[in-house]
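This report concerns only the one structure given below.
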Amino acid sequence: MRYETLQLHCECGQHTTRIREVGFTADHQLVLHWRCVACKKYVYVVKSLSDCWRDCPQEEAVKAETEEVLSTATLQENDILFLRSLGVTMPDTVEP
């Protein structure tokens, strides 16, 4: 499986060695949380799932085609499917 490493750092410039929490917001964003070992601040990184999807490594031919095809509605549908695969139920939907 091919993946890219996220470069996470505090505003002081210190890179993190450990993430304390990973979560999702109600408006489809990924949240990473840790405490900086250098300045002792609590750091939160928030990124939309659609931005995460776009940042995933892809073959160049597929990437060009994907950028043309994906719309906001498609991205939101894919975000919901991804969250459901993790067992997350959206507040406005009731799962049987």
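The chain is numbered in sequence order, starting from 1.
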*asked:* side-chain contact (heavy atoms from CB on, under 4.5 Å) for Y42 and H33? Distances and angles first, verdict last.
replied: CA-CA 7 Å; Y42 289 97; H33 163 66; 3.5 Å; yes

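- Separation of atoms CG (N78) and CG (L83) is listed at 11.0 Å; rounding is to 0.5 Å.
- To the nearest 0.5 angstrom, H28 atom NE2 is 13.0 Å from C52 atom SG.
- Taking CZ from R35 and NZ from K41, the interatomic distance works out to 12.0 Å, rounded to the nearest 0.5 Å.
- For the side chain to side chain contact (heavy atoms under 4.5 Å, CB included) with L30, the qualifying choice from V22, V46, T25 is V22, the only one to do so.
- Between H9 and H15, the angle of the ring planes goes over 60°, which puts this pair in the perpendicular group of the 30/60° scheme.
- Put simply, L6 and F82 are part of the same group of oily side chains (I, L, V, M, F, W, Y) that touch within less than 4.5 Å, one to the next.
- Here the side chains of K47 and D55 are in contact, with some heavy-atom distance below 4.5 Å.
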*For side-chain contact (heavy atoms from CB on, under 4.5 Å), just list the numbers for V45 and V31, CA-CA rounded to whole Å, side-chain angles, deciding distance to a tenth of an Å, and then say yes or no.*
CA-CA 6 Å; V45 173; V31 180; over 6 Å; no

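- S48 meets the side-chain hydrogen bond (donor to acceptor under 3.5 Å, both in side chains) test with S50, D51; sequence neighbours excluded.
- Judged as a side-chain hydrogen bond (donor to acceptor under 3.5 Å, both in side chains), and not counting sequence neighbours, E21 has no contacts.
- The line from CD of Q7 to OG1 of T16 is 11.5 Å long, rounded to the nearest 0.5 Å.
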*List the steps, then state whether side-chain contact (heavy atoms from CB on, under 4.5 Å) holds for L32 with Y44.*
CA-CA 6 Å; L32 303 172; Y44 294 87; over 6 Å; no

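- Follow the hydrophobic side-chain contacts under 4.5 Å out from L49 and you reach I19 in the same cluster.
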